[in-house]
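When reading the values below, keep in mind they use all heavy atoms of this one structure, side chains included, and skip hydrogens, waters and symmetry mates. Atoms within each ligand, like the ligands themselves, are counted from 1 in listed order.
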Amino acid sequence: MDSLLVNNQVFQLFISESQILARVAQLAQMLQADYAHSKPVFVAVLNGSFMFASDLLKEINFDCEIQFVKVSSYQGTQSTGKIQEIIGLNQSIANRNVIVLEDIIDTGLTMQQLLISIKNLHPSSVEVCSLLLKPDAIKVPLNIKYVGFEVGNEFLLGYGLDYDGLGRNLRHLFKLRITN
Ligand code: IMP
Ligand code: MG
C-alpha cells in the first residue's frame, strides 16, 4: 500500500509501521533511563496520540500511570488556530513527574496551552514526548525533550493522525501528495 485516497486527496506512504515501532522502542529506552524509579504519570493527548501512546506504553517496563486529555485545534488540513478547552486533567498529577504524549507538534500552540494547564496543577516536572515534530512550523518557544521524527511542513495522515476524521486507524504514516 504505497498510496491511498482519503476524502479525494492522494496520500503516499511516508513512515512505515516497522520504522515507527523501532523508533518508539528507542523512545521507551530513553524514558526508562530518565524515569524508571519515579513512577511518572503519562498524559496522552487524544485523539491523535492513541496509537503512539498504546505502542509506547507497551514498551515501558517500570511503574507508571496514564491519563488521557482531550484538546483539538484542527479542521481539515489547515490549523484553525482555535484552541479548544482541555478536558480530563485532574489534581492527581500534583508532585508527580509528568510526560505528555502527543502525536505531532505543528505550530506548538496546542502544546503551549496544554503545558500552562498542566503546570497549574503543580507537577514536580513536565516533559513532552511527541512522535512527530514540524520544526519549521513551530510558532512558540517550546522545549520538546523526546521527539520520534522531525518532519517537514507536509500534512500527515495515519497512525492516529486524521484528515477530517478519517485515517486514524492506518498502521503506517502517510503524507499528502502535492500536485501542481
Ligand atoms: P498545533 O497546535 O498547530 O501544534 O497542532 C497540534 C495538533 O494539530 C496535533 O495534535 C494534531 O492533532 C493536529 N495536526 C498537526 N499537524 C497535523 C498533520 O500533519 N496531520 C494531522 N493532524 C495534524
Ligand atoms: Mg493531537
Side-chain angles (χ1 to χ4, degrees), residues 1-17 19-20 23-24 27 41-57 66-89 98-120 126-179:
M1 187 171 46
D2 277 357
S3 70
L4 83 172
L5 201 62
V6 175
N7 253 358
N8 292 322
Q9 300 278 359
V10 182
F11 288 84
Q12 62 194 70
L13 185 62
F14 182 48
I15 307 176
S16 70
E17 180 182 36
Q19 289 174 302
I20 295 169
R23 185 63 185 145
V24 165
L27 290 173
V41 183
F42 288 95
V43 173
V45 185
L46 293 175
N47 295 321
S49 76
F50 80 98
M51 246 186 227
F52 174 49
S54 171
D55 285 335
L56 181 76
L57 288 160
I66 175 143
Q67 293 188 15
F68 295 90
V69 297
K70 185 137 192 182
V71 49
S72 111
S73 67
Y74 256 64
Q75 263 167 14
T77 57
Q78 290 279 305
S79 176
T80 59
K82 281 186 221 137
I83 308 296
Q84 293 172 5
E85 200 190 350
I86 293 152
I87 310 160
L89 264 187
V98 170
I99 305 146
V100 183
L101 300 181
E102 180 59 297
D103 53 351
I104 185 164
I105 294 173
D106 187 340
T107 62
L109 291 167
T110 307
M111 187 53 67
Q112 185 187 46
Q113 192 85 6
L114 181 58
L115 290 175
I116 292 168
S117 302
I118 288 177
K119 285 171 186 167
N120 281 338
V126 188
E127 298 290 353
V128 179
C129 177
S130 184
L131 178 68
L132 299 156
L133 173 71
K134 293 180 179 172
D136 299 334
I138 209 151
K139 286 186 184 162
V140 290
L142 280 178
N143 173 31
I144 311 300
K145 186 164 184 186
Y146 308 94
V147 177
F149 302 93
E150 290 195 353
V151 297
N153 272 348
E154 52 259 311
F155 186 81
L156 304 181
L157 176 78
Y159 199 72
L161 286 82
D162 74 304
Y163 173 45
D164 277 348
L166 298 175
R168 291 194 196 278
N169 54 311
L170 296 165
R171 61 179 63 242
H172 309 291
L173 271 163
F174 292 82
K175 70 174 172 184
L176 184 65
R177 187 188 290 167
I178 308 297
T179 46

Original post:
Given that the side chain starts at C-beta and the backbone is N, CA, C, O, which of these parts of M111 lies under 4.0 Å from ligand 1, counting heavy atoms, or is it both or neither?
Top reply: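 The answer is neither.
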Hey, which atoms in ligand 1 end up nearer than 4.0 Å to a heavy atom of [X]?
X    : value
L156 : 18 (C), 19 (O), 20 (N), 21 (C)
T110 : 1 (P), 2 (O), 5 (O), 6 (C)
T107 : 1 (P), 2 (O), 3 (O), 4 (O)

Original post:
Given V140, L161, D106, which one has a non-hydrogen atom that is nearest to atom 16 (N) of ligand 1?
Top reply: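 It is D106 whose heavy atom sits nearest to atom 16 (N) of ligand 1.
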Would you check whether [X] reaches within less than 4.0 Å of ligand 1, judged by its heavy atoms?
X    : result
K134 : yes
D162 : yes
E102 : yes

Where do [X] and [Y] come nearest, in terms of heavy atoms and distance?
X    : Y    : value
I144 : V147 : CG2-CG2, 3.6 Å
I66  : A44  : CD1-CB, 4.3 Å
V100 : I118 : CG2-CD1, 3.5 Å
L133 : P135 : O-CD, 3.1 Å

Original post:
Do ligand 1 and F155 have nitrogen or oxygen atoms that lie under 3.5 Å from each other?
Top reply: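 By distance alone, the answer is no.
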Subject >> Heteroatom distance test (G108, ligand 1): nitrogen or oxygen, under 3.5 angstrom >> reply: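 The answer is yes, given that G108 and ligand 1 share an N or O pair closer than 3.5 Å.
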Subject >> Heavy-atom side-chain proximity of F52 to C129 below 4.5 angstrom >> reply: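 They are in side-chain contact.
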Original post:
How many angstroms lie between OG in S3 and CZ in F14, if you round to the nearest 0.5 Å?
Top reply: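 The CZ atom of F14 is 15.5 Å from OG of S3, to the nearest 0.5 Å.
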Contacts table for residues 150-157: side-chain donor-acceptor under 3.5 angstrom, sequence neighbours left out:
from: E154; atom 1: OE2; to: G152; atom 2: N; distance (Å): 2.8

